[in-house]
Amino acid sequence: MKKLNKTRRLFFKLFGITIFSYLLIPYKFLYSATKKIINKNLTEEQKKILFNEGTERPFTSSLLNEKREGYYHCANCDAKLFSSKTKFDSGTGWPSFTEALPGAFKTKIDYSFGMKRTEYHCSKCGAHHGHVFEDGPSETGKRFCNNGLCLIFKPSN
Ligand SMILES: [Zn+2]
């Protein structure tokens, strides 16, 4: 009799978990809908940064030495994010900007690695791009530290 109760309890427990996970499906769906792979040609490395908040190794981006005039676009959805006019050499090893184009990003506080940092995501596709710090060299005081792999540079001419 006791054993039967135990089995029954286990059954209800599993049943409960199943119901619960079904209830969570719409939320999971909503969450993934805000982050969507639009560019089908993204590499595994790019996906890791854009969708799993990864970070590329410093001093690896070909955009570090990019000095031409133009705009930096989201590698996933092609949204225009930065003007070359706001790019500067921060010495950190990641492409850095003093300002983003209006409405380009949404920010979120990130507590990983025991630090409080402000993470930013593309407003259009939700992909992660980098972190913004308050020690920028211009009057904005901002330093957008962006993964080069998340950006596509399009020169003006
Ligand atoms: Zn995007």
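Each ligand, and each atom within it, is numbered from 1 in the order the structure gives.
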Undergrad: Applying salt bridge (Lys or Arg N to Asp or Glu O under 4.0 Å) as the test, list every pair that has at least one member in residues 74-85; sequence neighbours left out.
TA: Asp78-Lys154
Undergrad: Output all residues satisfying ring pair (Phe, Tyr, Trp, His ring centres under 6.0 Å) with Tyr120, sequence neighbours left out; order by chain, then residue number.
TA: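 If we apply the ring pair (Phe, Tyr, Trp, His ring centres under 6.0 Å) test to Tyr120, skipping adjacent residues, the hits are Phe105, Phe144.
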Undergrad: Check whether any side-chain heavy atom of His128 lies under 4.5 Å from a side-chain heavy atom of Leu50, and answer yes or no.
TA: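 No, too far: nothing below the 4.5 Å cut-off.
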Undergrad: Report, as a single number, the protein N, O or S atoms less than 2.8 Å from the Zn ion (ligand 1).
TA: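 Counting protein N, O and S atoms closer than 2.8 Å to the Zn ion (ligand 1) gives 4.
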Undergrad: Under 4.5 Å between side-chain heavy atoms, counting indirect links through other Ile/Leu/Val/Met/Phe/Trp/Tyr residues: same cluster for Phe97 and Phe153 or not?
TA: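 In one cluster with Phe97: Phe153, yes.
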Undergrad: Are Tyr72 and Leu64 co-members of a hydrophobic cluster defined by side-chain heavy atoms under 4.5 Å apart?
TA: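 Looking at the clustering, Tyr72 is in a separate group from Leu64.
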Undergrad: Donor-acceptor pairs under 3.5 Å, side chain of residues 130-139 to any protein atom, not counting sequence neighbours: which ones?
TA:
{"unit_1": "His131", "atom_1": "NE2", "unit_2": "Asp110", "atom_2": "OD2", "d": "2.8"}
{"unit_1": "Glu134", "atom_1": "OE1", "unit_2": "Lys142", "atom_2": "NZ", "d": "3.2"}
{"unit_1": "Glu134", "atom_1": "OE2", "unit_2": "Lys142", "atom_2": "NZ", "d": "3.1"}
{"unit_1": "Asp135", "atom_1": "OD1", "unit_2": "Arg143", "atom_2": "NE", "d": "2.7"}
{"unit_1": "Asp135", "atom_1": "OD1", "unit_2": "Arg143", "atom_2": "NH2", "d": "3.4"}
{"unit_1": "Asp135", "atom_1": "OD2", "unit_2": "Arg143", "atom_2": "NH2", "d": "3.1"}
{"unit_1": "Ser138", "atom_1": "OG", "unit_2": "Thr140", "atom_2": "N", "d": "3.3"}
{"unit_1": "Ser138", "atom_1": "OG", "unit_2": "Thr140", "atom_2": "OG1", "d": "3.1"}

